[in-house]
Amino acid sequence: MTLMLEVERLCVHHGRAQLLFDVGFSARPGEVLLLVGRNGAGKSTTLKAIMGLLREASGSVRFATRQLMGLAPHAIARLGLGYVPEDRRIFTGLSVAENLEVGRIATRANVSDAPHWNLARIRTLFPRLGEMLDRPGAQMSGGEQQMLAIARTLMGNPRAILLDEPSEGLAPIVVDHLIDVLLALKREGLCIVLSEQNLTLAGAIADRAVVIERGVVRYEGDFRVLSGDTTLAARYLAA
């Protein structure tokens with residue numbers, strides 16, 4: 001199957017400090033790739049570098065055969081790569097409907113497998129959001145804001161999405177809904193690269209895993225192999 005995302009020799013510096021060392025992995029359409037590692041390992045840095053948010057990045061990031069390195073974040077988004085940051089970044093002064101409209105990008109007519117998201121589809125996938133279209137973002141719970149952040153990204157009609165710690169601070173019942181949402185997107189063929197510490201969520205949706213430790217990839221392979229190996233799980237999956 002054709003690769004959707006291919007990262008090779010990705011390095012990131014911050015001043016004199018090097019944060020990532022030749023990070024590499026790939027992801028396919030309809031696959032959930034889990035980035036796992038302890039806090040500060042480099043997972044968020046990896047996602048930000050892919051999205052063009054870090055200046056001091058080098059290497060190769062190809063998305064649907066297109067080279068992303070050197071492109072601005074908005075140009076990368078228009079190619080069909082979505083990004084949901086850890087802090088969600090919703091516009092708290094805007095309503096739910098207005099936040100969704102901000103994220104809207106027209107369907108890519110020249111891409112045969114491009115999805116098409118509109119308000120009706122968003123309301124089906126996120127019924128709670130459909131009930132609060134006029135509510136300001138500032139008056140939403142953390143779980144509602146997370147769903148809005150994902151929904152806003154989907155309005156850009158992405159072919160792949162980068163998710164940074166989406167379950168952070170969420171109640172278990174909200175995490176269960178998040179699992180349902182991500183499984184639905186996976187069934188539609190969306191490529192998902194997920195940085196996540198919640199192993200309940202990861203175990204329910206992840207196909208493969210990439211372990212990052214101190215900015216270096218230590219493992220890339222089947223998530224079930226990683227989680228089923230006592231030694232590897234104790235080293236890389238323990239809290």
- [ ] Over all heavy atoms of both residues, which pair between Cys191 and Pro29 is shortest? Give the atoms and the distance, please.
- [x] CB-CA, 4.2 Å
Open item on the list: For a 4.5 angstrom cut-off between non-hydrogen side-chain atoms, does Glu220 reach Ser26?
Closed with: yes
Only distances under 3.5 Å count here; give the side-chain donor-acceptor pairs of residues 167-178 to other protein atoms, sequence neighbours excluded, each with its distance to 0.1 Å.
unit_1, atom_1, unit_2, atom_2, d
Ser167, OG, Glu196, OE1, 3.2
Ser167, OG, Glu196, OE2, 2.5

Task: pair Leu163-Ile150: side-chain heavy atoms closer than 4.5 Å - done: yes
Task: Validation row: Leu226, Tyr219 side chains within 4.5 angstrom (heavy atoms) - done: yes
Task: Exceeds 12 heavy-atom contacts within 6.0 angstrom, atom CZ of Arg66 - done: no
TODO: Answer yes if Val225 and Leu199 sit in the same cluster of Ile, Leu, Val, Met, Phe, Trp and Tyr residues linked by side chain heavy atoms under 4.5 Å apart, and no otherwise.
DONE: yes
Open item on the list: If hydrophobic clusters are built from ILVMFWY residues whose side chains come within less than 4.5 Å, do Leu71 and Leu53 share one?
Closed with: yes
Open item on the list: Quick one, Arg128 and Met147 - any side-chain contact, counting heavy atoms below 4.5 Å?
Closed with: no
TODO: Give a yes or no on whether a salt bridge exists between Asp207 and Lys186, defined as a side-chain N under 4.0 angstrom from a carboxylate O.
DONE: yes
- [ ] Calculate, to the nearest 0.5 Å, the distance between atoms CG and OH belonging to Asp164 and Tyr83 respectively.
- [x] 5.0 Å
Task: Exam field: side chain Arg62 to backbone Thr65, donor-acceptor pair closer than 3.5 Å - done: yes
Open item on the list: For Gln146 and Val84: C-alpha separation, side-chain torsions, deciding distance, then whether side-chain contact (heavy atoms from CB on, under 4.5 Å) applies.
Closed with: CA-CA 9 Å; Gln146 182 63 72; Val84 181; 3.5 Å; yes
Open item on the list: Assigning hydrophobic clusters by single linkage (Ile, Leu, Val, Met, Phe, Trp, Tyr; side-chain heavy-atom cutoff under 4.5 Å), is Val216 placed with Leu19?
Closed with: no
Open item on the list: For Ile192 versus Leu182, what's the shortest heavy-atom pair and its separation?
Closed with: CD1-O, 3.9 Å
Task: side-chain contact (heavy atoms from CB on, under 4.5 Å) between Ile76 and Phe63, intermediate numbers included - done: CA-CA 9 Å; Ile76 292 173; Phe63 172 66; over 6 Å; no
TODO: Return yes if some donor-acceptor pair links the side-chain N/O of Asn99 with the main-chain N/O of Phe91 below 3.5 Å, else return no.
DONE: yes
Open item on the list: Please report the interatomic distance NE2(His13) to CZ(Phe21), rounded to the nearest 0.5 Å.
Closed with: 7.0 Å
Open item on the list: Using modelled atom types and a 3.5 Å cut-off, is there a donor and acceptor pairing between side-chain atoms of Gln67 and backbone atoms of Val61?
Closed with: yes
TODO: For residues Glu144 and Leu129, report the shortest heavy-atom separation together with the two atoms involved.
DONE: O-CD2, 4.0 Å
Task: Cluster link Ile179 to Val181, ILVMFWY, side chain under 4.5 Å - done: yes
TODO: Look at the side chain of Arg88 and the backbone N and O of Gly142, then say whether any donor-acceptor pair between them is shorter than 3.5 Å.
DONE: yes
Open item on the list: Measuring only between side-chain heavy atoms, which start at C-beta, is Leu185 closer than 4.5 Å to Leu154?
Closed with: yes
Task: Closest contact, heavy atoms only, Arg159 versus Ala64 - done: NH1-CB, 3.5 Å
Task: Minimum heavy-atom distance Ser60-Met69, with the two atoms named - done: CA-CG, 4.0 Å
Task: Side-chain touch Arg123/Leu133, heavy atoms, less than 4.5 angstrom - done: yes
Open item on the list: How long is the straight-line distance from CZ of Arg208 back to CG of Asp222, given to the nearest 0.5 Å?
Closed with: 9.0 Å
- [ ] Just jot down the side chain to side chain donor-acceptor pair (under 3.5 Å) partners of Ser227, sequence neighbours excluded, or say none.
- [x] none
Task: Exercise: identify the closest heavy-atom pair between Phe223 and Gly203 - done: CE2-CA, 3.5 Å
Task: Steps toward side-chain contact (heavy atoms from CB on, under 4.5 Å) verdict (Ile205, Leu194) - done: CA-CA 10 Å; Ile205 67 172; Leu194 170 73; 3.7 Å; yes
Task: Side-chain donor or acceptor of Arg152 paired with backbone N/O of Val102 under 3.5 Å - done: no
- [ ] Could you grab the distance from atom OG1 of Thr45 to atom CD1 of Ile50, nearest 0.5 Å is fine?
- [x] 11.0 Å
Open item on the list: Nearest 0.5 angstrom please: Phe25 CZ to Thr46 OG1, how far?
Closed with: 6.0 Å
Task: Leu79/Leu68 under side-chain contact (heavy atoms from CB on, under 4.5 Å): CA gap, chis, key distance, verdict - done: CA-CA 9 Å; Leu79 290 174; Leu68 301 186; 3.7 Å; yes
Open item on the list: Do Leu100 and Leu94 land in one hydrophobic cluster if side-chain heavy atoms of ILVMFWY residues count as linked below 4.5 Å?
Closed with: no
Open item on the list: Contact between Gln197 and Lys43 at the side-chain level, heavy atoms closer than 4.5 Å - yes or no?
Closed with: yes
Open item on the list: Could you measure the distance from the CG atom of Leu54 to the SG atom of Cys11? Nearest 0.5 Å is fine.
Closed with: 12.5 Å
- [ ] Could you tell me whether the side chain of Met4 reaches within less than 4.5 Å of the side chain of Arg28, counting heavy atoms only?
- [x] no
